[in-house]
There are 2 protein chains.
Amino acid sequence: MKHKITLKKIAKEFGVSISTVSKALKNSHEISSEVKERIQAFAKYYHYKPNSLALNLRNQKTKTIGVIIPEIVHHFFTKVITGIEKLANEKGYNVMICLSNESYEKEVLNLEMLANGVVDGIIVSVAKETEEKDDYRHFNELINNGIPLVMFDRVVDQINCNKVIADDKGGAFLATEQLIKNGCSHIALLTTPDYVTVGNERKEGYLKALYENNIPANQDLVVKVNDKISIEEQLSVLFEGGIIPDGIFAVNEIYAATVMKVARNFGYNVPEDIEVIGFTDGLISEFTTPSLTTVAQHGRTMGQKALELLLDEIDSQDTHYQYKTSLIQTDLKIRNSTKKVEFHN
Amino acid sequence: MKHKITLKKIAKEFGVSISTVSKALKNSHEISSEVKERIQAFAKYYHYKPNSLALNLRNQKTKTIGVIIPEIVHHFFTKVITGIEKLANEKGYNVMICLSNESYEKEVLNLEMLANGVVDGIIVSVAKETEEKDDYRHFNELINNGIPLVMFDRVVDQINCNKVIADDKGGAFLATEQLIKNGCSHIALLTTPDYVTVGNERKEGYLKALYENNIPANQDLVVKVNDKISIEEQLSVLFEGGIIPDGIFAVNEIYAATVMKVARNFGYNVPEDIEVIGFTDGLISEFTTPSLTTVAQHGRTMGQKALELLLDEIDSQDTHYQYKTSLIQTDLKIRNSTKKVEFHN
């Protein structure tokens, strides 16, 4: 038999984008007649089965939910899935999980596959590459096809759907203010590249806490970590001269655990010389020495809330359904990487 | 519209097992005529769509692979999935992941859902509850329906399919022998309940190393950990009197990291007083103090091998296809929870 033809293969055959193929098959006026005819003929020859055929299956509920996460070796996402699974079990839904591996193309293909009559609705945290490309047409297409979508954690402002976000800014503010209360005045920030929205939110919370406490922000104390090269080496710059930080706020657990190792190698003690707070819902924090004070993200709660909103939309008969954004509070889990300070008002 | 009816709901309605419903719908002679008639009438009334209808879709390749893992908050399983994903991307396959949450019933339902024309083949690590019930008919049914199946890590001897296993016994032997070489003579084993096959394999490796080195096994030094209650409390018995171990081999990372904390609370230093080795491919080991010496499981390699075997079967035209069992070697990753001993032969 012939191999199944996909949008991806057609795009490759013609050297165009998946989106162009999709538009050509829908006879969009954006695509030239010549290209449309060639792509349509090719698709027909290979019996390409467009989504619209599958859409007929739409009214048949599958009692299955699709979830697309950027990566699986990440405790936060696995906690979110635990939350989704728990509520899904209670409500009699199955859950199918796909990974985008932070890739735009895989995200598009996963959406296409899941939307193809397999699931009743989809929960997504957006891939870094998609955020970097700033291209969200695949989500709009999904919504236009009437498939309920909930975004969580990494959400997109310009997409109109239900959303669940952690209070990233508030959590970062809490963490930074705790360091200030404990007496730190040179507080470093370990964060992600600028295009990662949650990293930016956390940076804003950090800057707000500095500002409200009249501490000038110092660019030399901000490290934007590139995950593709050695984190230890990138963090070493903090201890190689200039202003040595007395407090460090890291936007995730790996950066926080790694900076404690690096600080120790440079002869600094945590929390005596340097206090460290991470941002996470992870496992590592409990087992580091000292154990790590963190902003708790409540991933399970986020997962449950995301599914709640999705089922709400699936079950809704309302033609003027109003989308909601649910903000999940974060709070500080004090462990031993910060000092125990008694406050007297 | 009526809600979609499932095997599970029919089973609940009649107060019988899913397997009985399945047999009744297939008109099995094992089920009484009266029960069969009632179940069949009920299923017909609710438009139950049995797998056999979906089976007609079988010849249409989906280019999608299903993976069922027992739990997701477990670094080993996420590493295996990373391995599966990597090869799947190279080969142009999508991957759908479902969780059994260690539940027999969820495993059956996931298999049913995935086999329903959604995937070309399935990779499974068996749920603990299934191992405990010792009931594997759902896997046989899958194989009888011609759907390729690969089992990994937690595999079932009596199921005839491709399998990928880590050399659990060999790894445990290595770890225990390392402790013996380092001078330990009272070596504790922290393991799982008996019905978990990999725990048993690792126990065998531990016993073999003791035996070959003429060290008598001591039941007081074996702790079978129940994950449902406090691990710390269960491990405390090792330090509350009697023979205090000088070496500890733990069959996973959490037990190993936890026992280091408990030992420290009792005033023992690792590795000076007690040496510890874990079994894992996890993240925690790198960040504990001291960092944890472990048997490396190579989860990514296992995932890649599992998919390789699955695609091999999917692509095979051979009517006498021979199943294989692939043994993935384990090795020792020496970190700081064991002493650095120089050996002279």
Side-chain angles (χ1 to χ4, degrees), chain A residues 1-4 6 8-9 49 59-64 66-67 69 71-75 77-82 85-86 88-89 92 94-99 101 103 106 109-110 112-114 116-118 120 253-254 257-258 260-261 264 282-292 299, chain B residues 1-4 6 8-9 47 49 59-64 66-67 69 71-75 77-82 85-86 88-89 92 94-99 101 103 106 109-110 112-114 116-118 253-254 257-258 260-261 264 282-292 299:
Chain A
M1 66 174 282
K2 288 176 200 164
H3 277 288
K4 195 191 168 201
T6 60
K8 189 178 173 182
K9 280 188 193 152
K49 185 165 147 281
N59 289 323
Q60 195 179 337
K61 298 260 192 245
T62 61
K63 279 289 193 178
T64 302
V67 182
I69 54 172
E71 43 171 334
I72 200 166
V73 185
H74 193 310
H75 199 70
F77 290 122
T78 62
K79 289 287 270 194
V80 172
I81 285 171
T82 312
E85 279 278 341
K86 187 172 178 294
N89 281 342
N94 287 309
V95 179
M96 280 189 184
I97 303 151
C98 298
L99 309 184
N101 289 330
S103 143
K106 266 213 85 182
L109 293 170
N110 280 331
E112 189 186 321
M113 172 178 70
L114 290 173
N116 211 350
V118 175
D120 295 341
E253 179 181 54
I254 300 283
T258 307
M260 291 207 295
K261 274 170 75 175
R264 192 184 305 136
L283 261 186
I284 296 172
S285 305
E286 292 174 44
F287 292 103
T288 54
T289 306
S291 59
L292 188 63
Chain B
M1 68 175 279
K2 285 177 201 164
H3 279 289
K4 196 192 169 198
T6 60
K8 188 179 172 182
K9 280 190 193 150
H47 301 298
K49 185 164 149 279
N59 289 324
Q60 193 178 339
K61 297 258 191 246
T62 61
K63 279 287 193 181
T64 302
V67 182
I69 54 172
E71 44 171 334
I72 197 166
V73 185
H74 194 309
H75 199 70
F77 290 122
T78 62
K79 290 287 268 195
V80 172
I81 285 172
T82 312
E85 279 277 341
K86 187 172 177 293
N89 280 339
N94 287 309
V95 179
M96 278 189 186
I97 304 150
C98 296
L99 309 183
N101 289 329
S103 145
K106 266 213 83 181
L109 293 170
N110 280 330
E112 189 185 320
M113 174 177 69
L114 290 174
N116 210 351
V118 176
E253 179 180 54
I254 300 284
T258 306
M260 291 208 295
K261 274 171 73 175
R264 193 183 305 135
L283 262 185
I284 295 172
S285 306
E286 291 175 45
F287 292 103
T288 54
T289 306
S291 59
L292 188 64

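Naming: A, B, ... by sequence-line order, numbering from 1 per chain.
Looking at B:Val95, the atoms closer than 4.5 Å to chain A (heavy atoms on both sides) all sit in the backbone: N, CA, C or O. For A:Met113, the part sitting under 4.5 Å from any heavy atom of chain B is the side chain, from C-beta outward, and nothing else. Residue contact with chain A, scored on non-hydrogen atoms closer than 4.5 Å, involves the side chain of B:Ile81 exclusively. Proximity to chain A involves both the backbone and the side chain of B:Thr258, based on heavy atoms less than 4.5 angstrom apart. Residue contact with chain B, scored on non-hydrogen atoms closer than 4.5 Å, is absent for A:Ser291.
If you take CG on A:Asn116 and OG1 on B:Thr64, they are separated by 9.5 Å, rounding to the nearest 0.5 Å.
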Check against side-chain contact (heavy atoms from CB on, under 4.5 Å), A:Thr82 and B:Leu99: CA-CA 9 Å; A:Thr82 312; B:Leu99 309 183; over 6 Å; no
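For the options B:Leu109, B:Asn101, B:Val118, B:Asn110, heavy-atom pairs under 4.5 Å to chain A are most numerous at B:Asn101. Top candidate by heavy-atom pairs under 4.5 Å with chain B, chosen from A:Leu114, A:Ile254, A:Val73, is A:Val73.
Taking each heavy atom of A:Lys63 and B:Lys9 in turn, the nearest pair found is CE-NZ, 4.5 Å. Contact detail for B:Lys261 and A:Glu286: the closest heavy-atom pair is NZ-O, 3.9 Å.
With sequence neighbours excluded, the residues satisfying salt bridge (charged side-chain N to carboxylate O under 4.0 Å, His left out) with B:Lys106 are A:Glu85. With sequence neighbours excluded, the residues forming a side-chain hydrogen bond (donor to acceptor under 3.5 Å, both in side chains) with B:Glu253 are B:Ser285, listed by chain and number.
No side-chain heavy atom of A:Glu71 sits under 4.5 Å from any side-chain heavy atom of B:Thr78. For the pair A:Leu283 and B:His75, the minimum side-chain heavy-atom distance is 4.5 Å or more.
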